[in-house]
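Everything below concerns the one structure shown next.
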Amino acid sequence: MLMTGEQYIESLRKLNTRVYMFGKKIENWVDDPIIRPSINCVKVTYDLAQDPEYADLMTVKSSLTGETINRFAHLHQSTEDLKNKVKMQRLCGQKTAGCFQRCVGMDAFNATFSTTYEIDQKYGTKYHENFVNFLKMVQEKDLVVDGAMTDPKGNRGKRPSQQVDPDLFLRIKERREDGIVVRGAKCHQTGSINSHWHIVMPTQAMTEEDKEYAVAFACPSDAEGMFMVYGRQSCDTRKLEEGADIDLGNAQFGGQEALVVFDDVFIPNEYIFMAGEYDFAGMLVERFAGYHRQSYGGCKVGVGDVLIGAAALAAEYNGAHKASHIKDKLIEMTHLNETLYCCGIACSTEGYPTAAGNYQIDLLLANVCKQNITRFPYEIVRLAEDIGGGLMVTMPSEVDFKSDLKVGKNGETIGDFCQKFFVGNEAACDTEARQRIMRLLENICLGAAAVGYRTESMHGAGSPQAQRIMIQRQGNIEGKKELAKAIAGIK
Ligand code: SF4
Ligand code: FE
């Protein structure tokens with residue numbers, strides 16, 4: 001059964017997820033002004049699925065049950081499905097201008113589905129059945145699941161078992177007849193608080209010494225022993241200010257990252273998807289990362305669409321929109337943004353079926369996609385700042401614009417002066433529209449949403465070097481050498 005957006009919000013209230021922020025336990029985190037925009041952002045994935053205009057893209061028939069499900073819970077059955085995934089993410093990016101968080105779970109489903117199948121083939125384990133049962137429940141209840149991969153990693157020069165503190169990578173601490181006890185943490189977890197469940201995966205390929213770190217499982221977000229510490233974002237406390245609607249730039253939506261701690265959490269056998277099969281840790285990581293690198297060719301492009309629109313409006317509101325260099329900058333931004341989309345579509349089109357039957361993206365092209373994402377949004381932001389002008393970071397607050405404190409010789413208020421001096425192209429906009437667009441630019445380029453549009457573009461789904469390693473592995477330089485030899489007549 002598909003949930004409505006409202007039902008999703010209500011479903012979160014029933015969870016006992018432990019959340020800490022600014023050193024305090026947050027009892028009602030659903031209505032917390034700092035957290036709520038990130039919940040609204042996930043809610044959009046439910047609202048759009050209910051909207052007849054988007055239902056075709058947002059919903060799909062489950063390959064497991066034949067029921068209509070949200071595409072965020074789907075196992076991709078074709079290259080068409082892979083492309084529709086990217087299109088759905090672009091749409092959600094356009095509607096939120098933020099990170100809507102639900103993709104990490106979708107990417108974890110697809111990677112875990114195919115990897116558990118292959119582990120079972122080799123070891124005769126029952127992980128695939130466990131996973132399929134779990135996913136059926138997720139699809140049936142229309143849940144949000146966090147895909148948790150990134151460990152704290154401590155000293156990057158040491159393997160998991162060599163760390164001074166053995167908990168710096170999440171590990172199996174104890175094996176019992178009926179399950180395992182896990183300890184450790186996952187960092188930078190997108191949407192963890194807003195998720196009903198978590199799928200935990202290893203963070204990197206593992207060796208035999210690190211066997212107890214090769215662990216994957218599902219657990220509810222309010223499992224005993226689990227808690228989350230909310231990550232700060234630039235300008236986050238603006239959300240606490242009275243009358244700061246315009247100053248937020250995007251008052252409705254935002255992303256969310258948290259530190260998720262597993263302080264000895266018991267995982268029953270039926271929710272375990274890997275427990276010591278270290279030779280499959282790398283496969284799970286590679287597949288998840290591949291899907292998530294594809295994802296960015298959709299979501300970041302959607303946010304880019306909003307940013308390009310904001311820059312174009314800023315130019316118009318400033319009265320500079322007819323200048324040829326402005327037009328050219330907008331062309332350049334569009335070119336860069338659509339190049340990213342090309343990569344997302346290309347790695348989907350070149351997808352192929354796994355042994356388990358769902359579709360995997362082309363790994364080389366997905367890594368090229370993400371490598372471009374580590375660069376182009378920065379250039380797009382640079383051009384947006386160029387077009388926007390300094391006002392996006394120097395403008396007085398919304399409260400000043402509305403202030404009736406009399407400061408002028410003729411009794412004018414602070415608000416009067418702000419209104420007077422921040423008029424732009426009076427034919428195109430009033431001062432408030434100009435304020436709003438400048439703040440939106442600030443929000444995406446260097447405010448709260450810059451977490452998603454900039455730093456996450458750099459490090460989310462793996463830092464640039466991780467893609468370069470994959471590009472090296474998949475790039476077939478030897479084959480290219482043979483091509484050159486054949487043309488040059490070298491035997
Ligand atoms: Fe989805 Fe993009 Fe957020 Fe990742 S960064 S969860 S792909 S919106
Ligand atoms: Fe991400």
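Counting starts at 1 for both ligands and their atoms, in listed order. All of these numbers come straight from a predicted model, not from anything done at the bench.
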Quick check for you: to the nearest 0.5 Å, what is the distance between [X] atom [atom1] and [Y] atom [atom2]?
X      : Y      : atom1 : atom2 : value
Tyr296 : Asn372 : OH    : CG    : 14.5 Å
Asp247 : Cys235 : CG    : SG    : 10.0 Å
His198 : Cys219 : NE2   : SG    : 7.0 Å

[atom]: the protein heavy-atom neighbour that sits closest, reported with distance to 0.1 Å:
atom                    : result
atom 4 (Fe) of ligand 1 : His292 NE2, 2.7 Å
atom 1 (Fe) of ligand 1 : Cys103 SG, 2.2 Å
atom 5 (S) of ligand 1  : Glu456 OE1, 3.1 Å
atom 2 (Fe) of ligand 1 : Cys299 SG, 2.2 Å

Open item on the list: Taking backbone and side chain together, does Cys99 place any N/O/S atom at a distance below 2.8 Å from atom 3 (Fe) of ligand 1?
Closed with: yes
TODO: State whether the side chain of Arg454 and the backbone N or O of Cys445 hold a donor-acceptor pair below 3.5 Å, judged by distance alone.
DONE: yes
Task: Donor-acceptor contact present, side-chain Asn110 to main-chain His76, <3.5 Å - done: yes
Which ligand 1 atoms, with their elements, are less than 4.0 angstrom from a heavy-atom of [X]?
X      : value
Lys300 : 5 (S)
Ser295 : 7 (S)
Tyr296 : 4 (Fe), 5 (S), 7 (S)

TODO: Quick one: name the protein N/O/S atoms under 2.8 Å from the Fe ion (ligand 2), chain by chain.
DONE: Tyr296 OH, Glu456 OE2
Open item on the list: Ring centres under 6.0 Å, that's the criterion: do Phe134 and Trp197 meet it?
Closed with: yes
TODO: Please check if the distance between the ring centroids of His335 and Phe376 is under 6.0 Å.
DONE: no
Open item on the list: Looking at non-hydrogen atoms alone, which of Tyr453, Phe100, Phe72, Tyr291 comes nearest to atom 8 (S) of ligand 1?
Closed with: Phe100
Task: Electrostatic pair Asp81-Lys85, nearest N-O below 4.0 angstrom - done: no
Open item on the list: If the test is ring-ring contact (aromatic ring centres under 6.0 Å, His included), which one of Phe113, Phe280, Phe273 qualifies with His128?
Closed with: Phe113
TODO: Verify the distance criterion only: is there a donor paired with an acceptor across the side chains of Gln94 and Asp305 at less than 3.5 Å?
DONE: yes
